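Just so it is clear, the structure is predicted and the values come from calculations on it, not from any experiment. Atom set for the values below is all heavy atoms of this structure, side chains included, hydrogens, waters and symmetry mates excluded.
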Amino acid sequence: MAKSLDLKLDSIRSSNYTSSDFIIADAKDGDMAMGMAAPGPDRGRPGSFRSKQQYLDGMREVTKSGLVDIMLMSASSASVLCGEGLFDDSPVTPAVRLNDTTDIWFMRGNRYVQHPSRPFATIDMEAAREVADLGLYSITYSNDLDHDYASVQAYKEFRAEAEYTGFRHFLEIFNPGADIDTGLKKEELPFFINDAIARTLGGVVAEQQPLFLKMPYNGPAALEELAAYDPQNLIVGILGGSAGTTRDTFELVSQAEKHGARVALFGRKINLSDSPVQLINMMRKVVQRELAPREAVKVYHDALIKAGITASTPLEKDIEVTEEILKG
């Protein structure tokens, strides 16, 4: 079966983009960052987390819905799901996280986030290539010469290995963590990140370029600048960040698409929702301007009621915008 990701990328690159070509990825690679917390809280056992099996079941459910274009997983999850043939007759493309830099080592009680990111990769790329041909590679710039030098050097080495093993990749760029002193003002950071991306990719030949970016939404001005820079070759995608409210989810995907993003790669926003499939369905309707974000929250809650699902956040709170970057 043709993969929807490839068809949509062709449309975007040929300047024939319409909102129906917007790419959505379910980012369920959180076990390589948060460990046991990745599957999310178990509502039946307060204070406990869901199991890895439940995490995998969530991936199966979303994949079978056909509403996403990419299912991003850890190598261990991909081994299970690709091994059982989940993606064989599906329009969804499986992808794996190809590195796990130290700034995403989010174990309980960790102190790693107090330090600038260092490159690291758990994965064996040749073994992972047996289950997927698409992966995510991540860089976090800290405006620190030694750490950023090590990060881009590791990316150079990765690209050669990816070409050798036959991996396509997309590039994740994180903002530095809140504990990192970058020497930059808040309003300067988004444009430092834009310049870092353009500088890093300026020396990369076409065959080794990422398919698209995954990065934080740093506001309309920064997104529009980056999206307009090289739109046929540098396709911008946005990550979801914290769970927030359902309104935050719909506002983020709406504002990002409006200002030039062509991909949304959401992890916690999808995984921690009351109904991931219904949430993604509403995301599609918001992107295609069938529903405004506020109205989509109401329709989503109606769908929960019809499905017999008790909303974890009441409608009057879930309809609020709580993330500051979305309030402007």
Going by ring-ring contact (aromatic ring centres under 6.0 Å, His included), name the residues that satisfy it together with Y112, two or more places apart in sequence or in a different chain.
W105
For a quick test of your reading: what N or O donor-acceptor pairs under 3.5 Å do the side chains of residues 232-242 make, sequence neighbours left out?
residue, atom, partner, partner atom, Å
Q232, NE2, S15, OG, 2.7
N233, ND2, D230, OD1, 3.1
N233, ND2, D230, OD2, 3.4

S76: side-chain hydrogen bond (donor to acceptor under 3.5 Å, both in side chains) partners, not counting sequence neighbours:
K52, S74
Residues in salt bridge (Lys or Arg N to Asp or Glu O under 4.0 Å) contact with R247, at least two apart in sequence or another chain
E251
Please name all residues satisfying side-chain hydrogen bond (donor to acceptor under 3.5 Å, both in side chains) with S275, sequence neighbours left out, ordered by chain then number.
none
Under the salt bridge (charged side-chain N to carboxylate O under 4.0 Å, His left out) rule, what pairs show up with a residue in residues 6-18, not counting sequence neighbours?
D6-R168, K8-D69
Answer whether the closest heavy-atom distance between the side chains of V68 and I280 falls below 4.5 Å.
yes
Expected list for residues 186-196: side-chain donor-acceptor pairs under 3.5 angstrom, two or more places apart:
residue, atom, partner, partner atom, Å
E188, OE1, K185, N, 2.8
N194, ND2, A222, O, 3.0
N194, ND2, E225, OE1, 2.8

Taken in chain and number order and not counting sequence neighbours, the residues that satisfy ring-ring contact (aromatic ring centres under 6.0 Å, His included) with Y155 are Y137, H169
Filter on side chain to side chain donor-acceptor pair (under 3.5 Å), then keep only pairs touching residues 293-306, sequence neighbours left out; what's left?
H301-D318
Determine, for F22 and R262, whether the Lys NZ or Arg CZ falls below 6.0 Å from the six-membered ring centre while staying within 45 degrees of the axis.
no
Just to verify, what does Q54 make a side-chain hydrogen bond (donor to acceptor under 3.5 Å, both in side chains) with, not counting sequence neighbours?
S51
Enumerate the residue pairs fulfilling side chain to side chain donor-acceptor pair (under 3.5 Å) with a member in residues 172-184, sequence neighbours excluded, ordered by first and then second residue.
R97-E172, S138-E172, E172-K214, N175-N218
Residue set satisfying side-chain hydrogen bond (donor to acceptor under 3.5 Å, both in side chains) with E84, at least two apart, ordered chain then number -> R60
